[in-house]
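Written below as structure tokens is the structure these notes are about.
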Amino acid sequence: MSSIADPIAGSPVADAKTEAKAEAKAEVKVAAPAITLPATGERELRLDLFRGLALWLIFIDHLPTNLLTWLTIRNYGFSDATEIFIFISGYTAAFVYGRAMLEGGFVIATARILRRVWQIYVAHVFLFTIFLAEISYVATSFENPLYSEEMGIMDFLKQPDVTIVQALLLRFRPVNMDVLPLYIVLMLFLPLILWLMKWKPDVTLGLSVLLYALTWQFDLYLSAYPNGFWAFNPFAWQLLFVFGAWCALGGARRMSRILSSNITMWICIAYLVAAFFVTLTWYVPQLGHIMPKVIEQWMYPINKTDLDVLRFAHFLALAALTVRFLPRDWPGLKSRWLRPLILCGQHSLEIFCLGVFLAFAGHFVLAEVSGGAALHALISVCGILIMCGMAWIISWYKHSADKGASKKGAAGNADLAGGGA
Amino acid sequence: MKSARTMLGLLLLAACLAAAPARAGDTPEQPQPAPPCDVPAYLLSSESSLPKVTDAVKANQPLNVLVVGSRSSTIPGNEASAYPATLQAALKEAFPSATIDLSVELQAKSTAEETAGTLVKLVEAKKPTLVIWQTGTVDAMRAVDPDDFRTAINDGVVALRAAGTDVVLVNLQYSPRTETMISAPPYLDNIKVVAQQHDVPLFDRFAIMKQWSDAGYFDLFSTSHGVDLAKKVHACLGRALAKFVIDAAHLGPVQQN
């Protein structure tokens, strides 16, 4: 059996497909569980591509606004890269660990998931340390009277004992460091989600929707330190994650008729166009008066914390059109030009952390060197190049390490297959 | 959605565009002209109105302005150069015959909710025609739930209107140095929402300062400990705010400076 989709050493496409079909059949006979897994040997490059894209966009969004910010999707609609990232993470996590659960059982899969959670947690703490270093530097070097009020944010440095413990508990999270804690919580519940999915995928998705609805109805949230709440509410955002898992475990296939219908396509296009016009009024305030007040009052605020339905729907529309117009065997996926994006998507935890770090570093450079819009854009481009370079190195390293270890078998390859991060 | 290939093409294009002027920017700095602090017209106009201010000025009654804000409504040790004072001066200049009274109520570490609770008493005590309520910074720093923040502003605005004054909302400062530490967008959005719901003019201090920073009028990244930058920025803010109030009260055309 081939390893879980090693993209470099993988067998040629044609082989992979026949192999895949054979395996899919075998699987049905042997396990016949409620869920079906996509065949092995056939890595979904589209997932890598869009996760890589999401990582780039998250990085750009974390930098101060600049030329490249206009390329990010949040300027053209309601949803942004976070939705893509969480959905694909749910998808790949279910794909990798769902297989582990079918093959090795609940306990083994849970152990592997927990190992992954630990990795993400360590990565988060590492980023927090870098943040502390940056903020301490700013606090000691910056005393502009114009911002004497804003500098009060440094007050937490006066109580490092409390702050650091709260950070370890994931309750104190600096700006831009909200995605990993959300991800840690979602992954912690992945064993339960997968176990339920194994039993009845649709019921699991239904429960997820129910939890989402309850969150809105009863205003469930996780509190943060020193006050406030989690910027991405896990009770709401789990919907995307579970939906991703549901799609990975056969939901996508069952939806294919809906996805290929023309009615769906036109609804999606209409919604995306409408969302585009609404966002246009944010950036071209002169257009603001075109928007009817009634709609404005009904629609705003579009709540990111609780994953507003408008955002979720926007993501669904984007995803539906993408699946329709970008077939999984699109030759472009193998092109050299998209390779950097795909490589970034394949090592998402590392590249995500690197992106957060580079965003900090970019802020720092921008603050130290007073440069214009050009420097801003240059920093974004450099950051992306560094991310690509790093992804390439990791991929090269893992590839050569795997070669050495190939005799031991391919079981430990979850990270390479996305590992859910 | 754009195909990834187009996306990449655009990225490369942007990179080329970015690289050229970056080098040009390395040349030794040219003598800087005095900051003109122009503000695009759309940031200084509002669809909402200030009927009480309009009436007061037209009837030649004293215009009594109360600025309620946190520490970013002043410059420590230089209150006379902060934007409320420049606002008063600019209004006097625009209406030479009118009496312009202005008082400032600073509530340094109060959230919108805490301030909202004091507004009615303040209005009873000072009887203002117009309340300029600057808020959001403390809430953003404390990461107050944006929904609670919105409710607080909403309550405050309703109370002020009920007490018979006009209201102008002023949002956060643009503070690039603390952008990685203070998340402004949810608070900016929520102030905007309340302003829309109640037809309250919103002076978008954040967008205006960002505009100045992008245009290179001010170096808001500066680590200078001096009070000079603060004074200049506040002078410009005060003048812009005066234009904004005059426009919202339909008392223009104002002479351009």
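Chain letters run A, B, ... following the sequence lines, proteins first, then strands; residues in each count from 1. This one's a predicted model, so the numbers in the text were calculated from it and none came from an experiment.
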Quiz item: So which heavy atom on S148(A) is nearest to which on P76(B), and how close?
Solution: OG-CG, 3.6 Å

Quiz prompt | Options E47(B), K192(B), R71(B), ranked by heavy-atom pairs under 4.5 Å with chain A, top entry | solution = R71(B)

Exercise. Pick whichever of R150(B), H234(B), K231(B) has the most heavy-atom pairs under 4.5 Å with chain A.
Key: R150(B)

Quiz item: In terms of side-chain heavy atoms, does E149(A) have a donor or acceptor partner in S70(B) at a distance below 3.5 Å?
Solution: yes

Practice problem: State, yes or no, whether a side-chain contact exists between N144(A) and R177(B) at a heavy-atom distance under 4.5 Å. | Solution: no

Quiz item: Considering only heavy atoms from C-beta outward, does the side chain of I302(A) approach that of D189(B) to under 4.5 Å?
Solution: no

Quiz item: Given side chains that start at C-beta, do those of Q173(B) and Y147(A) come closer than 4.5 Å, heavy atoms only?
Solution: yes

Quiz prompt | Within-4.5 Å side-chain heavy-atom neighbours: I75(B) and L146(A) | solution = no

Quiz item: S213(B), P146(B), A108(B): which one forms the most heavy-atom pairs within less than 4.5 Å of chain A?
Solution: P146(B)

Quiz item: Do other residues, nucleotides or ligands put more than 12 heavy atoms under 6.0 Å from the OH atom of Y221(A)?
Solution: no

Quiz prompt | chain A contacts, top residue of I182(B), V193(B), T178(B) (heavy-atom pairs, under 4.5 Å) | solution = I182(B)

Quiz prompt | Contact class of D139(B) relative to chain A, heavy atoms under 4.5 angstrom | solution = neither

Quiz prompt | Engaged part of F131(A) at the chain B interface, taking heavy atoms whose separation is under 4.5 Å | solution = side chain

Exercise. For E113(B), look at atom CD and say whether over 12 heavy atoms of other residues, nucleotides or ligands are found less than 6.0 Å away.
Key: no

Self-check item: CE on M151(A) to CE on M181(B), rounded to 0.5 Å
Solution: 7.0 Å

Exercise. Determine the option with the most heavy-atom pairs under 4.5 angstrom with chain A, choosing from V138(B), T137(B), T74(B).
Key: T137(B)

Quiz item: Is chain A contacted by the side chain of F149(B), its backbone, both, or neither, given a heavy-atom distance below 4.5 Å?
Solution: neither

Practice problem: Can you tell which part of D199(B) gets under 4.5 Å to a heavy atom of chain A, answering side chain, backbone, both or neither? | Solution: side chain

Practice problem: State, to 0.1 Å, how close H363(A) and P176(B) come at their nearest heavy-atom pair, and which atoms those are. | Solution: ND1-O, 4.5 Å

Exercise. Identify which part of V233(B) has an atom lying under 4.5 Å from any heavy atom of chain A, answering side chain, backbone, both or neither.
Key: side chain

Quiz item: Out of L220(B), D228(B), D148(B), which one racks up the most heavy-atom pairs below 4.5 Å with chain A?
Solution: L220(B)

